[in-house]
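Working notes, structure below.
What you see is a predicted model, and the numbers here were worked out from it, not measured in a lab.
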Number of protein chains: 2
Amino acid sequence: MTADLRDPVRGDPTLPTGTHGAAGVPAFSPLYLQIKTLLTQGLTQGDWKPGDALPSETELAARFKVSQGTVRKALDAMALDRLLVRRQGKGTFVATHAEQQVQYRFLRLMPDTPPRVAMQRRFLDLKRQRPPVEVARALGLGGAQIVFRLRRLLLALGEPVVLDEIWLPAGLFEGLSVERMSSYAGTMYGLFEAEFGVRMIRAEEKIRAVAADEAQARLLSLPLGAPLLSVERLSMTYADQPVEFRRGLYHTAAHYYRNELS
Amino acid sequence: MTADLRDPVRGDPTLPTGTHGAAGVPAFSPLYLQIKTLLTQGLTQGDWKPGDALPSETELAARFKVSQGTVRKALDAMALDRLLVRRQGKGTFVATHAEQQVQYRFLRLMPDTPPRVAMQRRFLDLKRQRPPVEVARALGLGGAQIVFRLRRLLLALGEPVVLDEIWLPAGLFEGLSVERMSSYAGTMYGLFEAEFGVRMIRAEEKIRAVAADEAQARLLSLPLGAPLLSVERLSMTYADQPVEFRRGLYHTAAHYYRNELS
DNA sequence: TAGTGGTCTAGACCACATC
DNA sequence: ATGTGGTCTAGACCACTAA
């Protein structure tokens with residue numbers, strides 16, 4: 001972590017740095033992006049864990065042999081990506097799913113009538129098995145690699161609202177059990193991060209309207225054929241590696257999926 | 001637009017600038033945010049129209065009597081908000097819905113099997129009428145203010161996929177007609193911006209699963225009770241003023257609503 | 001009081017677009 | 001050749017936090 005970036009990466013100063021590589025790919029990236037990459041690698045390999053403080057801007061600047069402003073630009077970019085959280089007067093910290101403010105960062109379901117009271121969880125079953133083809137493909141697994149399949153309900157005021165089916169590569173979550181999830185106070189992503197070292201960075205969702213089949217209707221206490229929101233989510237950790245696939249069925253009579261467009 | 005910001009806004013330098021006002025509200029904001037506010041006001045009052053170039057950083061810096069770096073920070077923030085588009089070597093431009101790259105910025109419906117071919121539009125009817133209460137409330141109108149109510153279909157490969165019901169304050173869109181919409185080549189928001197000076201900045205959507213009623217089923221060529229995605233959208237122009245309410249019904253057998261979480 | 005991130009400045013140089 | 005935004009530097013000072 002002490003390399004001087006300019007000499008090795010920016011290359012011979014007699015060559016114009018803006019030159020493009022043979023394949024039309026940029027031959028270099030700005031210093032602050034290189035630093036962002038190095039810091040992100042540090043996060044990936046666990047140099048700093050969620051909640052930890054990073055070294056101060058001045059120290060990082062000395063370490064990388066660049067100006068403080070360049071380090072700042074890298075840190076600001078990472079904060080925009082939600083990889084870091086910056087707090088004036090305190091320091092720069094690795095973002096975590098265990099923070100009070102952003103508890104349900106990835107859950108967009110809102111009740112029609114606030115207040116937004118925390119929903120109850122009820123774990124239905126957890127099994128180890130071969131993944132279905134579409135799950136294996138989404139997670140980039142071979143069909144022979146075992147996955148966990150978890151089903152759970154979320155209930156609001158006692159009424160079931162969400163039925164989730166969650167697929168996880170077994171290798172990454174060895175030791176997962178219903179007891180362990182039940183006894184964990186925070187969110188599921190908080191558990192993944194704290195107990196398995198798997199931090200979710202971003203996710204993609206595909207949303208559809210479907211009709212409840214018999215099993216789904218029974219679990220959600222709804223009539224057969226009731227319209228449900230189907231939310232397929234693929235969650236990625238560092239380096240965009242997919243590590244969770246889930247399919248949620250949302251009952252949207254008294255709740256809605258909130259989205260913000262800009 | 002030539003005021004020196006520091007004297008009037010930052011106040012007597014003998015007072016600490018970080019002081020909070022009597023109500024606990026910050027008594028000042030950083031220079032670059034003040035400049036961002038002034039520039040946004042300029043956009044609101046039409047000093048520059050969508051597609052126009054803003055003055056260069058150096059000129060704005062001279063105009064506001066601050067350094068170029070401070071202007072840059074304001075412009076970068078506005079670009080992040082998608083109010084502006086910055087192009088190296090060319091200038092800084094007011095963002096527009098008429099750009100080739102981001103045609104359907106607010107339409108998140110994707111086909112299961114690409115390529116994403118442009119959908120056909122079919123306008124069903126356009127009426128002037130009193131708004132229903134929920135529409136009046138969403139748009140912040142009195143019940144006596146007239147609105148346009150437009151219905152239209154979007155079709156993919158000839159099959160109806162989206163049924164939209166769109167509500168617009170008549171005062172802002174005087175002269176709107178089906179002919180005018182049909183003959184306009186670009187998107188609806190492109191038309192609003194070019195012909196009525198109403199530029200959509202951001203929107204909030206509430207998504208549910210519903211069952212098609214008889215009229216909806218007929219228009220979408222679906223059986224009664226078919227599950228549909230209901231997408232309620234409230235669109236805002238500058239200063240977060242709501243100017244459009246729409247309800248879309250999406251048939252999601254061969255399409256899905258795409259969302260990105262981070 | 002010391003240390004952190006946040007703002008602001010001034011200047012140099014680079015990359016890109018246009019003439 | 002000129003003008004634009006993009007990067008990088010160095011230094012000053014401000015605001016916030018904690019000891």
Side-chain angles (χ1 to χ4, degrees), chain A residues 4-7 9-21 24-36 39 52-62 64-80 84-94, chain B residues 4-7 9-21 24-36 39 52-62 64-80 84-94:
Chain A
D4 181 332
L5 296 175
R6 277 160 301 187
D7 294 347
V9 187
R10 304 202 107 188
D12 184 340
T14 62
L15 290 172
T17 52
T19 289
H20 283 51
V25 178
F28 86 112
S29 57
L31 266 180
Y32 77 91
L33 285 182
Q34 296 176 39
I35 289 169
K36 186 186 171 194
L39 290 172
D52 285 359
L54 263 66
S56 72
E57 292 181 352
T58 25
E59 177 170 348
L60 288 173
F64 292 129
K65 296 208 171 74
V66 300
S67 80
Q68 192 205 9
T70 300
V71 169
R72 165 179 297 272
K73 207 167 172 187
L75 293 175
D76 284 344
M78 293 174 75
L80 255 180
L84 303 176
V85 174
R86 314 201 68 187
R87 287 198 261 267
Q88 182 172 167
K90 301 187 71 172
T92 301
F93 302 84
V94 182
Chain B
D4 181 332
L5 296 174
R6 275 160 301 187
D7 296 346
V9 187
R10 306 204 104 187
D12 185 338
T14 62
L15 289 173
T17 51
T19 291
H20 282 51
V25 178
F28 87 112
S29 56
L31 267 180
Y32 77 91
L33 285 182
Q34 296 176 39
I35 290 169
K36 185 185 171 192
L39 290 173
D52 285 359
L54 264 66
S56 72
E57 292 181 352
T58 24
E59 176 169 349
L60 289 173
F64 292 130
K65 295 209 172 74
V66 299
S67 80
Q68 191 204 10
T70 299
V71 169
R72 165 178 295 271
K73 207 169 171 184
L75 294 175
D76 283 344
M78 293 174 74
L80 255 181
L84 302 176
V85 174
R86 315 201 68 188
R87 287 199 260 267
Q88 183 172 164
K90 302 188 72 173
T92 301
F93 301 83
V94 182

Nearest-angstrom distance from the residue atom CD of A:Gln88 to P of C:dT4: 13 Å

Base D:dG6 to side chain B:Arg72, donor-acceptor N/O within 3.5 Å cut-off: yes

B:Val71 vs B:Leu39, side chain to side chain contact (heavy atoms under 4.5 Å, CB included): CA-CA, chis, key distance, verdict: CA-CA 10 Å; B:Val71 169; B:Leu39 290 173; 5.6 Å; no

Side-chain N or O of B:Thr70 closer than 4.0 Å to phosphate OP1/OP2 of C:dT7: no

Listed nucleotide nearest any side-chain atom of B:Lys90, set C:dA17, D:dG6, D:dT9: C:dA17

Given C:dT4, D:dT9, C:dT9, the nucleotide with the shortest approach to the side chain of A:Leu31: D:dT9

Atom-to-atom span, CD of B:Glu57 to C1' of C:dA12 - whole angstrom: 15 Å

Rounded distance (Å) that lies between atom P of D:dT9 and atom OH of A:Tyr32: 13 Å

Separation of atom CZ in B:Arg87 from atom P in D:dG6, rounded to whole Å: 11 Å

Minimum heavy-atom distance B:Ala77-B:Lys36, with the two atoms named: CB-CD, 4.1 Å

Whole-Å distance separating the NZ atom of A:Lys36 from the P atom of D:dT7: 12 Å

Residue closer to the 5' end of DNA chain D, A:Gly89 versus A:Val71 (nearest nucleotide): A:Val71

Any B:Ser56 side-chain N or O less than 4.0 Å from OP1/OP2 of D:dG3: no

Atom-pair distance (CG on B:Leu54; C1' on D:dG3), nearest Å: 16 Å

Nucleotide of C:dC8, D:dC8, C:dG5 approaching A:Thr92 most closely (side-chain heavy atoms): C:dG5

Rounded interatomic separation in angstrom, taking NZ from A:Lys73 and P from D:dT7: 4 Å

B:Arg86 vs B:Asp76 side-chain heavy atoms within contact, under 4.5 Å: yes

Rounded distance (nearest 0.5 Å) linking atom CD of A:Glu57 with atom OG1 of A:Thr70: 11.0 Å

Close side-chain approach of B:Leu60 to B:Ile35, heavy-atom, < 4.5 Å: no

Nearest-angstrom distance from the residue atom CZ of A:Phe93 to P of D:dT17: 11 Å

Proximity to the side chain of B:Asp76 - top-ranked nucleotide from D:dT9, D:dG6, D:dG5: D:dG6

